[in-house]
Structure formats: C-alpha cells, structure tokens
2 protein chains.
Amino acid sequence: MATRQNVKLASAVQEAAGQPLDQSLLLNLVGYNCRRAYLTIIPLFEERMKKFNLRAVDFTVLTLLHANPNITQKRLSKAVNVSPPNLAILLDRLEERGLVMRQRNPLDKRSQALVLTAEGTKLCLKAEKTVTELELEATSMLSDAERAQLVSLLQKIFIREEEAEG
Amino acid sequence: MATRQNVKLASAVQEAAGQPLDQSLLLNLVGYNCRRAYLTIIPLFEERMKKFNLRAVDFTVLTLLHANPNITQKRLSKAVNVSPPNLAILLDRLEERGLVMRQRNPLDKRSQALVLTAEGTKLCLKAEKTVTELELEATSMLSDAERAQLVSLLQKIFIREEEAEG
DNA sequence: TATTGTTATACTCTATAACTATA
DNA sequence: TATAGTTATAGAGTATAACAATA
C-alpha cells in the first residue's frame, strides 16, 4: 500500500540508487588507501603464485630465509608477524615439501637454525622473479619515480617501529 | 659433540644472529609495503575504536551509510568487499545495537534500504572524528604534502578497478 | 626460573551451498 | 527464471594456554 511513508522511502531509495557512491571520508584515510591498494595487488599475486603453491606468508618466509640463512624461528616469527605456534605448522608444511630445513643449534639446543634446501632455493628464486614482475604489472600506472616515492613514503610510516627489533 | 658439521653450523648461526635482518627484496615490493604500513596503523585504530566497539569493517559500513543513506545491501556488499551472507550478520549486530535500520524498499520488496538511526549517526560522527585524528597521529612523520601525495599514489593503483561498479 | 619451540584448542574471518521472498 | 537477502556450515587464519626440552 502506498502510504505517505512508503512514497517518501521509495523516492529516497531511487535517489540513492542514482547517486555514485560517496566514500570521500574513507578515501582521505591513509590506512584505508593502503588496504585498498594491497587488496588490488594480492589477487594477482595469488594467481601467479598458485603454480608454486605459495601463499604470501610462505613467500615472505622463503625470501627471508634466502637472504638470512640460519636465523632462528623466534626472529623469523617477529619478522613475518606470525606467532610461534602458527609459524611452527607453517614450517612443518615447508619442511614436508622439502623446501626448508630445521637444524638444532649446537650452541643452544633450544633454538633451531632455519635454511632453505637446494630445492627451496630454486623455488624461491623462481618465485622472487615472478613476484617482482607481477608487482610491476600491478603498479604499471605508476612511473618508476612514482613507485619509488610511494615505497619511500610507506616505509616512513613503519620503518621506525622495526628498528627496535632489527 | 663437536663434529666438524656442528662447528660449521655453530659459526653460521652466530654469524646470522649478529647480522641485521636483510629484507631488501620485500622492501622493494609495493604490496608488501602497503601491508606493512597498514599493519602499523590498524593497531592504533583498534585501540581507539574499542570504546565505540567498532572493528574496521563496522566503521567502514557506518561511514558509508552516513554518506550514502538508503543504499541497498548489494551495493554496500560490493563497496566494503564483504559477501552478502557475512554482511547480513554484520548488519544484524549493528541493528541489534540500534545503530542501523533495514527498510524494505516499497518499489522492490526484495531489496532493503539501509540507514543509520539517530544513535548510529551520533556514534558515526564521533568515530569519524576519532579516526581522522588517529590517522594523523599514525602518519605524523609525513608532512601534509607527503600524506596527500601518498594517498594520491595509492589511489592510482586501485581507483580504475572500482569505476566499473560505481 | 626463563627461553625456544611444540601441541592442542578455541575463536574469528571468510567462503559456499541451499533456502525464502519477491520480481 | 533471476535477484536480494538469509541461514547454515565448512574452512582458513589467528590467538592462547599448557607442555617438553634446554639453558
């Protein structure tokens, strides 16, 4: 039935439907824009990394072990922001796949030195190449100078934080 | 026992422990930097928004309804990147709290027009103020010009995508 | 007693299939 | 038949507590 209320609502709905979405407040927030940009890049990442069967975290771990052989799980845990219990099962999976090795540290048998296997290194190199390429594609609307500046501005936000842990 | 293997490993571990973490490859990736910057801002967001009992998604929904009264769930679902089933329960919670209202569209009774209640509007305004302030704090190492440029560069990455849906 | 890493487990988030009601 | 929204549920991701081994 066309009550006065309904008539009013109907026109309000039509009005809203015709309007482009106003997200001006959100678009002024740095955090929101970071997330949106990240969510634009990550699907391409996942698509290209499917052939290596690597998620973003897995890739991060492999790259860090590639550049930092023999670091401990504790240090890796902080670097990738994954809690020790969750890192343990992540590493279980990579170890089962023959990509990573855990070696008891002879100097302190509580800790373990993490290294890539030969196969892990091979996969990591291929994955790194793929990621570097895909990143350029996903940000192809930026000039090299713009991309460099973007990275530099983003790092200003988080780089101080990490100095504490090194 | 100090086998030759163990001695070698021990020195490798010590070497690794003394070294600062090399994350040069990751730090050249736009996606990685976006995520790191986002993960730096979001804890402050969560801390400040605790008093409003709002998660990031909840805030996004409220702000969008504030700026776009009477939009449908379908449109909101796309805008906030939450699937219809998950949006339904998110809105259930906001509705239970008396912040949001769902009104059947008299023109098409399948859809619903979403609006903030008076209380929802009040909370949203306070939350928007808090978020705007916290964002400035979290990015206080950037000048206004730098912040504006950062936002502009980030939007270049994702803005084209969204033109399709409006 | 403190630390590294693990196991077990609970909790939240996200994704999917099947359903209701409207069109 | 197709669409908006819901319910139910499964799966992935994340967080926490309790434990073993070592220091």
Side-chain angles (χ1 to χ4, degrees), chain A residues 1 6 9-10 13-14 16-17 35 38-39 42-43 46 49-50 53-61 65 70-96 100-115 165, chain B residues 1 6 9-10 13-14 16-17 35 38-39 42-43 46 49-50 53-61 65 70-96 100-115 165:
Chain A
M1 49 196 153
N6 275 356
L9 178 56
V13 171
Q14 269 192 320
R35 184 164 165 75
Y38 175 73
L39 290 178
I42 201 67
E46 286 168 351
M49 299 302 271
K50 225 183 295 176
N53 193 21
L54 295 175
R55 300 166 305 164
V57 223
D58 302 320
F59 171 74
T60 305
V61 165
L65 293 186
N70 291 301
I71 62 169
T72 66
Q73 245 158 280
K74 181 167 211 286
R75 225 168 145 211
L76 182 60
S77 170
K78 279 195 87 172
V80 300
N81 201 31
V82 172
S83 68
N86 295 330
L87 184 59
I89 67 172
L90 188 161
L91 289 172
D92 285 347
R93 285 196 281 253
L94 295 179
E95 205 173 25
E96 273 167 38
V100 162
M101 265 175 56
R102 291 190 249 219
Q103 303 175 285
R104 280 286 161 207
N105 176 0
L107 269 58
D108 181 345
K109 286 184 193 146
R110 291 173 304 183
S111 70
Q112 314 202 57
L114 300 169
V115 284
E165 45 106 359
Chain B
M1 47 194 157
N6 275 355
L9 179 54
V13 170
Q14 269 191 321
R35 184 164 167 76
Y38 175 74
L39 290 178
I42 202 69
E46 285 168 353
M49 299 303 270
K50 224 184 295 178
N53 193 21
L54 294 176
R55 299 167 304 165
V57 221
D58 301 322
F59 171 74
T60 306
V61 164
L65 294 186
N70 291 301
I71 63 169
T72 65
Q73 247 159 277
K74 181 167 212 288
R75 229 173 141 201
L76 182 61
S77 170
K78 279 195 84 171
V80 298
N81 201 30
V82 172
S83 67
N86 295 330
L87 183 59
I89 69 172
L90 188 162
L91 289 171
D92 284 349
R93 285 196 280 254
L94 295 179
E95 203 171 27
E96 273 166 37
V100 161
M101 265 176 56
R102 292 190 247 221
Q103 302 174 288
R104 281 285 161 206
N105 175 0
L107 269 58
D108 180 344
K109 287 183 194 149
R110 290 172 306 183
S111 70
Q112 315 201 60
L114 299 169
V115 284
E165 43 106 0

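Computed from a predicted structure; not experimentally measured. Residue numbering restarts at 1 for every chain, and letters A, B, ... go by the order of the sequence lines.
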Do the side chains of A:D108 and A:T72 get nearer than 4.5 Å, heavy atoms only?
-> no

5' precedence on DNA chain D between A:P85 and A:P106 (nearest-nucleotide basis) = A:P85

May I ask you to verify if any side-chain N or O of A:R75 is less than 4.0 angstrom from the OP1 or OP2 atom of C:dT4?
-> no

How close or far is atom P of D:dT3 from atom CD of B:Q73, stated in whole angstroms?
-> 17 Å

Between B:L87 and A:N81, just flag the one whose closest nucleotide in DNA chain D comes earlier from the 5' side.
-> B:L87

Regarding the side chain of B:N86, the nearest nucleotide among C:dT14, D:dT6, C:dT6 is C:dT14

Has B:D92 got more than 12 heavy atoms of other residues, nucleotides or ligands less than 6.0 Å from its CG?
-> yes

Classify the side chain of B:N105 versus the base of D:dA4 as yes if they form a donor-acceptor pair under 3.5 Å and no if they do not.
-> no

B:Q112 CD to C:dT22 C1', straight-line distance once rounded to whole Å = 12 Å

Determine the contact category for A:D108: base if any of its heavy atoms lies under 4.0 Å from a base atom, sugar-phosphate if only primed atoms, P, OP1 or OP2 are that close, otherwise nothing.
-> sugar-phosphate

Is A:E95 reaching over with its side chain to a backbone N or O of A:R102, donor-acceptor style, under 3.5 angstrom?
-> yes

D:dT6, C:dA2, C:dT6: which one has an atom nearest the side-chain heavy atoms of A:R102?
-> C:dT6

Would you indicate whether the side-chain heavy atoms of A:L76 and A:V61 approach each other to under 4.5 Å?
-> yes

Rounded off to whole Å, could you give me the CD1-to-P distance for the B:I89 and C:dT14 pair?
-> 10 Å

Rounded off to whole Å, could you give me the CZ-to-P distance for the A:R55 and C:dT14 pair?
-> 16 Å

In whole Å, what is the span from the CG atom of A:L90 to the P atom of D:dA15?
-> 14 Å

B:K109 side-chain N/O to C:dA21 phosphate OP1/OP2 under 4.0 Å | no

Please give, in whole Å, the distance from D:dT6 P to B:E96 CD?
-> 13 Å

